[in-house]
Structure formats: structure tokens, C-alpha cells
Amino acid sequence: MPTIPLPSFPSGIDVKLALDVFVDPNIGVFYGSNFNLWNSQVGTWQGWQGPPSGSTPLGTPVDVQSLHSMALYGGSSVYGRFALDAGVDIVIHIHIWLPKVCNPFNSDECWPDDIDFNIVDLHPRTAFVESKAGDTESSQRSAFALTDWQNFLKSKQLFKNFTPLSGTAVDGIKYIYDCLKQDAPPPKDPPKDPYVPGDPSKLVDDIEMPCNICAGMPDYTYNYPVAWDPVTHHVTNWESRTLKGFSQRVPPLVTAGLSAADQWVCGGELASNSLMVTPTSAVKNVGCYDQCRLNKADNTFSVVESAKQLFAEGKIPLKGAPNGCH
């Protein structure tokens with residue numbers, strides 16, 4: 001990024017500029033799966049038809065038709081987000097040195113205090129590249145096992161039907177036995193692909209930042225102590241003093257891309273019908289700025305949106321700034 005020099009401000013005014021443009025690439029992936037276990041039991045008593053009518057039928061546990069079943073099925077959800085989250089932090093802090101006078105009877109009591117405030121304090125954030133996608137899908141296969149308790153007592157076969165997640169019925173006892181014989185999975189994940197860093201300069205292709213920032217202040221009037229009571233040590237007389245206001249643009253100063261219709265004036269007197277302070281002690285268009293983009297090919301800026309356009313969209317001027325950017 002080009003070096004941005006600070007302009008020279010009026011004597012007695014110190015200005016510090018903090019400018020930071022960042023791009024934060026973010027990749028987020030969420031994967032969730034769930035398995036549902038379904039179990040049921042159905043029993044029917046098949047009494048033995050024994051003695052003649054009028055006698056109590058006889059039966060044994062073998063005559064209990066009992067079916068036990070279990071099924072396992074599931075589903076999964078996946079969601080992903082890729083974004084380049086970007087932002088600009090730009091703060092212009094102003095320190096105004098006011099001439100001080102101290103109480104002749106108490107050197108620790110001095111007036112007036114210097115003035116410190118931020119004339120520009122911008123922290124816009126945006127995701128200028130973002131892609132999101134997600135889907136939920138149920139499993140296409142389910143595992144199922146059915147046991148006929150009556151047949152188990154007769155035939156000693158544990159499963160009447162056994163179907164693993166492959167979807168094909170198999171011998172349940174053999175399947176479980178073969179599964180338990182298999183070796184445990186490896187303790188470590190396979191090696192990851194080598195990381196190849198990208199070109200960070202490509203991340204700033206679409207970054208925009210304020211330019212042609214109009215910084216300044218109206219006339220500042222304050223009371224200056226000039227006399228004290230020798231008995232009470234209190235101030236007995238004050239003198240009104242005025243620090244002359246100023247306005248000027250802060251670099252980067254950019255004209256490329258700014259049409260004649262979008263030109264605007266930094267500073268100047270307010271109209272006589274302004275709701276702000278009196279015209280002779282104020283400036284307008286303070287806190288206005290254009291929006292610029294850096295052209296990496298020649299390391300220069302160009303205006304992509306003027307202060308007039310930003311003001312019409314309700315984005316500027318800064319809170320508390322005078323009557324618009326025009």
C-alpha cells in the first residue's frame with residue numbers, strides 16, 4: 001500500500017493517524033450425524049388344544065410366539081461457509097494545545113485543559129466474498145435384526161433375519177464373529193496434505209478505504225483566567241479567547257475516478273440559516289470522505305464512491321458533523 005503522509009496542521013495542533021486495512025479469510029465447516037435405534041417386541045400365546053370342550057387348555061412356553069426386532073438408521077447434515085471478512089480501521093486523533101496559566105497561589109491548579117478528541121473514527125466491516133451451502137439427508141440404508149424367540153428355543157438359531165448396513169441379509173452370528181475378529185482401526189489419522197500458502201496480496205483486490213478525508217474544527221472559544229483573589233485564591237476575572245478553526249483534506253488525496261459532478265468542498269462557512277453555530281465561527285463538510293480502492297498494478301488509488309454519494313446513502317458525515325457533504 002502506498003505510504004500516506006500526514007499533512008501539516010495549524011500551529012498548536014497535533015494530529016495522529018492510525019490506518020489499518022485487514023482481510024480475514026474464514027472457512028467454517030459443520031458436520032453432524034445421528035443414529036436412531038428402534039426396538040420392538042411382539043408376543044402371541046398359542047395355547048395347546050388339548051382336552052375336550054369344558055376343560056382348561058394346556059400350553060407351554062414353546063407355544064409363545066415372540067418376535068424381537070431392532071433397527072438402526074441415521075442421517076447427516078453438513079454446512080459450510082467460505083468468506084473473506086474485511087475491514088478498515090482509520091482513526092485521526094487531534095490534540096489541541098491551549099495556552100495555560102496557573103494559579104499563582106497553587107501551581108498545581110492550571111487552566112484550561114488541552115483538548116483531545118477523534119475527528120475521524122471509522123471501523124467499517126464487511127464480508128466482501130462469501131459463499132454458504134448446506135444440506136440434510138437421511139441414510140439410504142438401515143441395519144435390521146429379527147429374532148423369533150419360539151424358533152430360537154426349537155432351532156437354537158439366534159437370528160431369523162440379520163441385515164447389516166450393506167443392505168444384504170447375512171448370517172448374523174458369523175457376521176458378528178467376523179467383525180470381532182478384525183483388527184482395531186489404526187491409532188493415527190493418515191498424513192495431511194502439505195500446506196501451500198497462497199498469495200496474500202490477492203486478498204486486497206476488492207478492499208475499499210476512505211480517502212480525501214476532510215478533517216477540521218470550528219472556532220473554539222474558551223475562558224482564560226487573568227486575575228485571582230489573593231485571599232480566597234479564586235479566579236476573579238476571565239478573558240474570552242478563541243482558537244481559530246480550520247479544515248483541510250487528509251491524504252491520500254485522490255482525484256482519479258472523481259467526476260466534476262461529485263466534487264465537494266472541504267470546509268467553508270455555513271449558510272446563514274444553518275442550525276449549527278454562527279456562520280463566522282464554523283466550517284461545513286467536516287468528517288466527509290470519498291471511498292477509494294487501491295490499484296495494485298501502479299500502487300495508486302481511485303475513487304469508487306464520492307462523499308456526495310455516500311451522504312445521499314446516509315453513510316456520512318460522521319455523527320455530529322455539520323450540515324452534509326456537498
Side-chain angles (χ1 to χ4, degrees), residues 20-45 64-89 123-208 293 296:
D20 181 38
V21 179
F22 73 89
V23 178
D24 183 18
N26 287 295
I27 299 177
V29 178
F30 166 80
Y31 176 79
S33 63
N34 65 289
F35 291 95
N36 297 299
L37 183 64
W38 175 78
N39 183 47
S40 69
Q41 176 180 350
V42 178
T44 304
W45 178 267
V64 177
Q65 181 74 21
S66 182
L67 299 176
H68 299 259
S69 63
M70 182 182 71
L72 180 69
Y73 57 95
S76 61
S77 298
V78 63
Y79 175 84
R81 176 183 183 266
F82 169 77
L84 294 179
D85 297 317
V88 175
D89 296 308
H123 306 275
R125 300 288 186 267
T126 184
F128 67 89
V129 175
E130 185 175 38
S131 175
K132 296 184 291 186
D135 195 13
T136 300
E137 185 174 350
S138 59
S139 174
Q140 299 299 316
R141 297 175 179 176
S142 61
F144 179 77
L146 174 67
T147 295
D148 186 336
W149 181 252
Q150 186 180 30
N151 287 333
F152 170 69
L153 292 178
K154 292 179 180 179
S155 64
K156 311 303 180 184
Q157 293 180 354
L158 181 60
F159 298 107
K160 181 177 179 65
N161 181 275
F162 187 93
T163 303
L165 290 173
S166 65
T168 303
V170 297
D171 183 335
I173 297 296
K174 183 177 183 303
Y175 182 89
I176 295 175
Y177 179 75
D178 291 343
C179 180
L180 294 176
K181 286 196 309 180
Q182 294 181 11
D183 295 333
K188 294 183 179 181
D189 294 332
K192 297 181 179 179
D193 293 334
Y195 170 72
V196 179
D199 182 2
S201 65
K202 294 182 179 180
L203 298 177
V204 299
D205 288 346
D206 296 322
I207 294 295
E208 297 177 0
R293 181 175 296 168
K296 294 192 302 180

Can you give the donor-acceptor pairs under 3.5 Å from side chains of residues 169-183 to other protein atoms, not counting sequence neighbours?
| unit_1 | atom_1 | unit_2 | atom_2 | d |
| --- | --- | --- | --- | --- |
| D171 | OD1 | I173 | N | 3.2 |
| D171 | OD1 | K174 | N | 3.4 |
| K174 | NZ | D178 | OD2 | 2.7 |

Original post:
Got a sec, which residues hit salt bridge (Lys or Arg N to Asp or Glu O under 4.0 Å) with D24, two or more places apart in sequence or on another chain?
Top reply: none

**OP:** Report the residues that fulfil side-chain hydrogen bond (donor to acceptor under 3.5 Å, both in side chains) with S142, sequence neighbours left out, ordered by chain and then residue number.
**Re:** none

Original post:
Which atoms form the tightest heavy-atom contact between T163 and G167, and what is the distance?
Top reply: CG2-C, 3.6 Å

Original post:
Can you name the residues that form a side chain to side chain contact (heavy atoms under 4.5 Å, CB included) with N36, not counting sequence neighbours?
Top reply: N34, Y73

**OP:** Could you note down all residue pairs passing salt bridge (Lys or Arg N to Asp or Glu O under 4.0 Å) where residues 67-81 supplies at least one of them, sequence neighbours left out?
**Re:** R81-D85, R81-E130

**OP:** Please list, chain by chain and in numerical order, all residues satisfying side-chain hydrogen bond (donor to acceptor under 3.5 Å, both in side chains) with S40, sequence neighbours excluded.
**Re:** S69

Original post:
How would you list, by chain and number, every residue that makes a side-chain hydrogen bond (donor to acceptor under 3.5 Å, both in side chains) with S76, sequence neighbours excluded?
Top reply: none

Original post:
Which salt bridge (Lys or Arg N to Asp or Glu O under 4.0 Å) pairs, counting each pair once, include a residue from residues 70-80, with sequence neighbours left out?
Top reply: none

Subject >> Residues that T136 engages under side-chain hydrogen bond (donor to acceptor under 3.5 Å, both in side chains), provided they are two or more places apart >> reply: S77

